[in-house]
Structure formats: C-alpha cells, structure tokens
A.B. asks: 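For reference, the structure I am asking about is given below.
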Amino acid sequence: MKPGLLTTSAELSKTDPRVKLIAAKIKKENARPEALIEILHTAQNAYGYLPMNVLSYITHSLHLPPSRVYAAVTFYHFFSLKSKGEHTCLVCTGTACYVKGAQAILHELEKQFGIKAGHVTADQKLGIQVARCVGACGLAPVVVLDDVVEAKVNADQIIQEIRAKIS
Amino acid sequence: MTTLDIYIDDKPLKVEPGKTILEVCRENDIDIPTMCHLDGLTDVGACRLCLVEIEGVNKLQSSCTTKVSANMVIHTQTERLKRYRRITTELFFAERNHICAVCVANGNCELQQLGYKVGMDHIRYPYLFPSCEVDTSHDYMVMDHNRCIMCTRCVRVCGEVEGAYNWDVMNRGFNVRIISDFNTPWGESGTCTSCGKCMHACPTGAIWPKSLSGEQLHKNPEMISELVKKRKMNL
Amino acid sequence: MNRQELHTMAIKAREQQASCKHKIGVCCGAGCISIGAEEVLKKMQEDVKARGLESEVAVVPTGCMGPCNQGPLVKYLPENTIYQKVNAASVAEFNQAQLVEGKPILSSLIFADSRTKPFINAAEDPFFHKQLKIALKDCGELNPEDIDDYLVHGGYTALSKVLFQMSAEEVIAEMKQSRLRGRGGAGYPTGFKWETVYKYVSDQKYVICNGDEGDPGAFMDRSVLEGNPHRVLEGMAIAAFAIGANKGYAYIRGEYPLAIKRIELAIKQAKKIGLLGSNILGSSFSFEVEVRIGAGAFVCGEETALIASIEGKRGTPRPRPPFPAESGLWGKPTLINNVETFAAIVPIINNGGEWYSEIGTPKSAGTKVFALAGKINNAGLIEVAMGTTLREIVYDIGGGIQGEGQFKAAQTGGPSGGCIPASHLDVKMDYEALVSLGSIMGSGGLIIMDEQSDMVDVARFFMEFCMDESCGKCVPCRVGTKMMHDLLEKIYMGSATKLDLDRLEELAIYVREASLCGLGASAPNPFMSTLRHFREEYENKIQPEVQLVKGI
C-alpha cells in the first residue's frame, strides 16, 4: 500500500469536539460497517460537509474500502464534499413550488448573487441550493434560509433577507 | 436429482432447479446477449440485454438473475425483445464516446460485437458526448471512462475475486463513474494490487494495458470464470 | 407493565384530561411551525397561565390539522372552533372571546375569508365534513409528544387486543378482510403481503416502515409521523406480531427533522413503559424499533433500494425476485409497508376488517390521504373515502381554483403518475380508476394546475426529476431518461419535429418495460399521460416536416 493516501485520525485534532462527536457515534454503533450512513449523518451535521480527512477517519474506523465510502457519499444528496457556505439559501423546486413560480425566484437569486444553484459565492458567505421538495407544499413557494422555512415567499423579500445576513 | 420441466422458445427442457434462465439458455445454445454478466461474478441485472418474457409474469425479467421454476414458459427471441436489445445497444453507444476506429479494442470488443449481433446499422439517438477523463496514472494500465459502459464487471471482480475493493461507482444517474478509492487517480490507489483482473473483465476498451497500440488488445474474461471455479474446487 | 396496568394508566390520563373544561390545540405541523406556530403556542400557554386558568384549560401542540394554507391554526375544544392565521399578538384576544366571553370571533374563523358564513364548529365546514378521517383521525387533536394523550385516545389497545385475544393467523385474516391496499403507491393488498412474509420460516424477520416520502408535492407521511407517531409504532408492532418479527426499522426522510424527532421521542416513551422492548405487556412478544434517516435519494422509496440503504450501501435497487418477503434486509424475510398503511392498522384491528372494507369502492377499500397543493384555495392535507370524486376534492374541499383561473388538470402520483384533465373531474378516485386514466394513485400527492400550466413543461419537469434521481444502475433508466428529457426539452423549446415525438414515444414504452425498478418503469408516465390528454399541446410545438426532396 502506498503511503499517505489513507490518512488516519492523525490529521484530526483529538480535542476537536466534532471529532469527539464522530468518535462517540462510531463507538455507539460498534464500528459496524452497516452504520456507515448514520455515521456520515453525524459528520455532515457536525461539519456542514464531509472533509476528506474526516472521511478517511471514518473509513479506517469501520474497516471499509475507501471506494465503498466514497460511492455511498456521492450517491446521497444529503452529503456534500464541499463546504456549503456560511449561510445557505435552499429554494424548494418541488411540484407545488414549481407551479407557484419557484423557478423565477431561483433565477432571480442566481442573478443577484452571481452564482448558480449548488455553488457558493467566492467569499464563502452564501451558498444557493435547490431541494426537490421540503414537504411544505401548502405554503408554496418555499425557501429555507439557514434552516428556517420561509413560506409564500417572493424573490425581493428573500434577497433582502440574504443581504441583511451576509453584509 | 429432481428436474423441472420448462419451455424455452417452445422447446421442452428438463433442467436442474436453482439454475438461472441464462445458465439454462447457455447450456442449450440459446443465444441471449449480455454485457454486465460474467461467469463467476455476482449478477446484477443492470444491462437489461438479457431480458426475457415469461408467460404469466407481466414484467420482463433479466434472465441472469431469475431462477427457473417448474413449468415456466420462457420466450427469449420475440420481436419486442429484439427491438429492446437494439435500443439498449444504441443507448450504450450514444451514452459515451465510443469510436471503434480509434479504439485499442477494435475487433476484440464485446460492445462492438453486440452491435453486429443486434443488427445495429445506425444510432437513432443523439450522441451525448459527455466529458470523460482518461486516467493514465497507473504504471501499466489505462482507465478510459469514455469507453466505459458501467457494466461494473471491474468493480465486482476487484471485490469478489481479488478482494481489493479498489473500484466502485460514484454519483448517480447519468453522472455515474467508476472510481478507485476516494476518486483517487488509479496510480495513487492505496488498495489496487495491480493484478489486472479488471482489465480482463472489462468488455470494452475502457481498461487496457499501456504497452499496446491500436487493435492489439486481447482480453481473457474466461480466465476470471476459471479462476473462480478453481478456487471453489479447493485443489 | 401488564395489560391491566395499561388500562389503569389510560383511565388515569383520561380522568386528568376530563378535569379540564377546555383544550386548546396549536397546530405544530412543520407547515404551521414555519410560519410561527411555536411562538403562538408559547404565548398561548403564557396567556392561559396569566388568566389563572391552567387547571381547567390544557394547551397542547398538535399535529397537522389540514388546512396548511391558512396557518398557523388554533383549535378550541370541545367547541371544535378553529381560528386561522393566528399570530402571537392576537392570542389574548381569542382567549378572551373563547374562554371568558364564550363568543367566537367570526371574522377570524377558519375559511372566514372564503365562506359567506364561516362555521363555529369547524366540522360543519365542507373542507372537513366532506372528509373521512381514519388514518389521520387523531392527528391535529392529540399532542404527538405525549404518550398519555395517545392512551386517552385509545392508544395501544389494538396491540393489547392482538397480543392477548388473537393469533397471528387471525390478525392476517382481519387484514385480508379489510381489503386494505398498500398506500405507498402500488396498492398491493396488505393482508396478502403479511401472509407471504408470515409463511417464510426464518429465525429472524424484519418490519420496515417506509417513510422515505420523496415525491415532490407529497407530505402525507410526514404529517402522520409528526401528528401521531405512536399510531405508526403501534401499527408496526401489530404487523411484527402477525409476521413473527422482533425488529423494526422506521426509515424516515432526512428532510423531515421534526418527524424524526417525534418518532424517536415516541419510541423512547413506548420503551419506557414497556410497550416496546422485551415481553410487551407481559406477553411472549418482543419488538424493538430503530430509526434510520434517509440521506436524500428518491429511489430509496423502492423496497430493495431502501433495504440497501439501511444496510449502509448505495441505495440502488436489485432485480426482484427474490422479493423482500423472502429475502430482504440482511437476506431475511422482510415486510415493508408505507407510513399511511401502518396508520390504518390500528383502526382496522379495533373496528374489524369488515368495517374498513365497507368504506370506499369495491376494489379499493377505506380512505386515502392526499396532499392537496398547487393553484387551489384550500391547500393542505385531506383524507377522503376512496371513490370520492375529483370534483368534490377540488371544489368542495379545496374551495376551487385560486384566483381567476380555471381548472386544467390534476397531477397525481408525482413523477411516477400522470394528469387528470378537466373532462374527467367526475372520476371516482381509486386505484383502478386512476390507472384507467393513465395515472396512478401514487402516495397521494395531488397538484392542481390551472390553464397557465404548460403540459409539455410539466412533463419535462418530471422527467428532469426522474433523470436526476435515477440511480444509474440500469441502462434504460440511466440513459433512457436522459434521452427522453433532452427530447422533451427540444419539443418545449420548439425545435423538434414529428420524428422526435415518435422517437420519444417509442423510448417511453422501452423505458417503462425494460427498466430494473419502479422508478424507471414509471418515469415515462407523466409524459405519456400528458400526451394522451393534451396531445395538441405537443403538436403545437412541433416544427412542420421539411420536404428535402420534392415529390416525396
């Protein structure tokens, strides 16, 4: 095996509370390989994304092949290998929101902040994402701003709120 | 031993229970095209070329994963199946960048042979021309994703036979790609043993040895099947 | 705890509630929470306390009450008066009117803005009285975070009945008699499914609750899990008893944090008093439930993909047979039912299979929950008897089309379903009728569209969804949906010819028949059904054939 590719927890600070959290989760699950997704959830929640050294750490702890872990991570939309930005604006483009003009809101946001959905601004302040349905169809169109669901929104109002957050 | 009575293409057959329809067909010289199947590896039913019609079952079933059962009446060569095999083949060609004339596997390619077999004279769907990488980082093998058809034979042979688990599949849908480790360049993989089984399992020119130039490639997928058989024999 | 103790506990809880003259429910479904319900709840509790009424007025958070569009909602019991669009500032005013003066504020009653005369007893409003709530019965009434409240509403008596008065065969017979069909979409008879798993002999079997509600426009399962999690758990336990399982998984979509929180809390509460765990109520039956959180993949609603996901792998489906009933989770016999199906088990056991079978239509018994959304006045969550017409749903319950628009089509079954045009407004909604119109019941998303909707665009939208959600394993779905999407895009942009449409039709049938799993097999449905009912919209966008050679 070539050195340096499967980094261990050495690169992670043992005192980092996030690392402790993941370590505790792995212990709770008895390092069972089938608990991979549960453990990835913990890591994703702790970091907001899955840094490569964290993935390496999990891979090692569960004795899984790296390819198997990477395959699972890239399959599920919930997991991200890139930072999602300091603030996130998630536009629901589910059917109900779509019928009520979510696309226009998304286009306006993309135009205003100069990034496409799925990307983060150069200063890492804002990430725009789309969801296929957040399940709040009765309140369409819906935007989730930093985990707060905003109902029956219009583009101007959301843009103002974002500006207030990132300025 | 008990046998089952089944009918394939109106021909009565006595077969051992536990066998798949594909196994029975191969034993009886009934030709069903396959891509993702390789003797010795776990079947996944992904390429959909080996679909057959079974009377009383309203869905088409992949013969590689469906076991025979008593009094099964199977049709393997209906017009509908032939049409679907051709569409599948065309979709394979349109999906990535398959240009036989410049391919190292030209003349020794299962996909190319499939095209002849199903009578593909042209491709009715627009080529998608995805941008795919060619990974030349390994010391003596190349992974050309342009020619990959996602049969996952390399993934399975690496895990099931070699036990290295270097390969797997990342992303989903149209964006799936074969990866080694953490989408690491093959040459920098920490798990690859450089055994070359994936190269032999690969049905196209996606994985090939660097030492070759055009049309010199000869693969030996039967070697994999033999290997699996001998391991089971515990000699 | 044994059976008698459960009974005593329920009586005690009931007496305690009876000592309250009023119960105020604040809807704390995810929809109402997003528009400030938690603040209303807090204010409500403070105001009741300030009036010194806390001993006679109970203030509780409840699950979804239904009319999500009008939230936040507050319900006063026993009057059953519902106020809409309540904000924290107006709480005192409502309490004064309801609790002190006993005179409701008519202008703020539910649907006050759309009815000439709103109803003080909300049950009389057509939105409610046209509905028949079985799966959702106590949702919006009881506190989902309080097991005592569930016991007051007869909770866990069905499980107790099953454990001590029925055999597994009798439970299955009852389910078969009820004619309940799987509410996840396919409509497979639940009793037969249970019987199949029951018949396989194995040292270990599993029950899985499929709460991976991925259809855009559907939020039935979420509302049931949020509003009445114990009902789902009890249903799972009954199923486990019937098939001989002792381990269950509740697989919940990651996008539903509140549902996850509430089901986890419910499991904890049930475990604490011995309604889950070893030797439940002193019987020989043991059952544990674990929550598994989905990670964002629509295809995981498919049984075999869901199983792969619980096993910690990529959620890709595998060919069936073998069916999960024979070889499911970790290769063991596994029963998978949808949330709404599990929610229907308890009333069936309590009232008998015959009672349930008499509701609905001959082939589709019982009720169905729909998530009503789109260009409709009263969007929200509804439950109607099978066989209710689309017209009743849209105009009586839904209050008609929003704004000046006209009804054009209803989309059912999400990306796996199809459209019902205006000419079929009188269709009696059940599994068979929807299939005959080229759509499906699906999980219950019901999106209403007015004439502003472009049906080609609708088809393109759903095909894009399927293309993105395809797992990429089999060729027809991976490449076929991409090709279909591109062709639909070409038609939508106005640059396609008749040949493209023909090719699209051929491809649609191929993708439907050759795909490995249900996602691919149903992906062409939105296209095929819009083409069937709105072919002229496709043809209007198509370029005339160019005659390359004269005379041909």
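Order of the sequence lines fixes the chain letters, A, B, ..., with proteins taken first and strands second; residue numbering starts at 1 for each chain.
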A.B. asks: If I take atom CE from residue B/Met150 and atom SG from residue C/Cys474, how far apart are they, to the nearest 0.5 angstrom?
C.D. replies: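 So the gap between those two atoms works out to 12.0 Å.
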A.B. asks: How would you list, in number order, the residues of residues 326-337 of chain C that have a heavy atom less than 4.5 Å from chain B?
C.D. replies: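 Counting heavy atoms that sit under 4.5 Å from chain B, no residue of residues 326-337 of chain C is involved.
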A.B. asks: Counting heavy-atom pairs under 4.5 Å with chain B, which one of C/Cys477, C/Gly480, C/Ser515 comes out on top?
C.D. replies: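 Of the candidates given, the most pairs with chain B belong to C/Ser515.
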A.B. asks: With a 4.5 Å cut-off on side-chain heavy atoms, are C/Met483 and B/Leu128 touching?
C.D. replies: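 In contact.
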A.B. asks: Could you go step by step and tell me if C/Val479 and B/Phe174 meet the side-chain contact (heavy atoms from CB on, under 4.5 Å) rule?
C.D. replies: CA-CA 6 Å; C/Val479 196; B/Phe174 178 62; 5.6 Å; no
A.B. asks: Measuring from B/Cys36:SG to C/Lys473:NZ, what's the distance to the nearest 0.5 Å?
C.D. replies: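 It is 8.5 Å, given to the nearest 0.5 Å.
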A.B. asks: With sequence neighbours left out, write down each residue that passes side chain to side chain contact (heavy atoms under 4.5 Å, CB included) with B/Asn175, or none if nothing qualifies.
C.D. replies: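 B/Asn175: side chain to side chain contact (heavy atoms under 4.5 Å, CB included) contacts with B/Asn171.
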A.B. asks: Return the option, out of B/Asp168, B/Leu49, B/Thr65, B/Thr152, with the maximum number of heavy-atom pairs under 4.5 Å with chain C.
C.D. replies: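 Of the options given, most contacts go to B/Thr65.
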A.B. asks: Shortest non-hydrogen contact from C/Arg478 to B/Ile149?
C.D. replies: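 In this case the closest contact between C/Arg478 and B/Ile149 is NH2-O, 3.3 Å.
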A.B. asks: Roughly how far, to the nearest 0.5 Å, is the CZ atom of B/Arg172 from the OG1 atom of C/Thr316?
C.D. replies: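 Between atom OG1 of C/Thr316 and atom CZ of B/Arg172 there are 11.5 Å.
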A.B. asks: Should the pair B/Glu95-C/Lys482 be classified as a salt bridge under the 4.0 Å nitrogen-to-oxygen rule?
C.D. replies: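 Salt bridge: no.
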A.B. asks: Distance check, rounded to the nearest 0.5 Å: C/Arg318 atom CZ versus B/Asp43 atom CG?
C.D. replies: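 Rounded to the nearest 0.5 Å, the CZ-CG separation comes to 13.5 Å.
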A.B. asks: Report which part of C/Leu507 has an atom under 4.5 Å of a heavy atom belonging to chain B: side chain, backbone, both, or neither.
C.D. replies: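 Answer is side chain: those atoms of C/Leu507 sit under 4.5 Å from chain B.
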A.B. asks: Tell me if the CD atom of C/Glu506 is crowded by more than 12 foreign heavy atoms within 6.0 Å.
C.D. replies: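 More than 12 heavy atoms, drawn from other residues, nucleotides or ligands, come within 6.0 Å of this atom.
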A.B. asks: Donor-acceptor check, side chain of B/Arg48 to backbone of C/Ala514, threshold 3.5 angstrom: yes or no?
C.D. replies: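 Side chain of B/Arg48 to backbone of C/Ala514, a donor-acceptor pair under 3.5 Å: yes, one is there.
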A.B. asks: To the nearest 0.5 angstrom, please state how far the OH atom of B/Tyr125 sits from the CG atom of C/Asp486.
C.D. replies: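 Reported value, rounded in 0.5 Å steps: 13.0 Å.
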A.B. asks: Top residue by heavy-atom pair count (under 4.5 Å) with chain C, among B/Lys67, B/Gln61, B/Lys59?
C.D. replies: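 If we count pairs closer than 4.5 Å to chain C, B/Gln61 comes out on top.
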A.B. asks: So what's closer than 4.5 Å to chain B heavy atoms on C/Ala521: side chain, backbone, both or neither?
C.D. replies: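 For C/Ala521, no heavy atom lies under 4.5 Å from chain B.
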A.B. asks: Nearest 0.5 angstrom please: B/Glu90 CD to C/Tyr510 OH, how far?
C.D. replies: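 So the gap between those two atoms works out to 9.5 Å.
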A.B. asks: Taking B/Thr66, B/Leu91, B/Val176 one by one, which has the highest count of heavy-atom pairs under 4.5 Å against chain C?
C.D. replies: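 Maximum pair count with chain C is reached by B/Leu91.
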A.B. asks: Hey, is C/Glu513 close enough to B/Arg80 for a salt bridge, meaning N to O under 4.0 Å?
C.D. replies: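 The answer is yes: the pair qualifies as a salt bridge.
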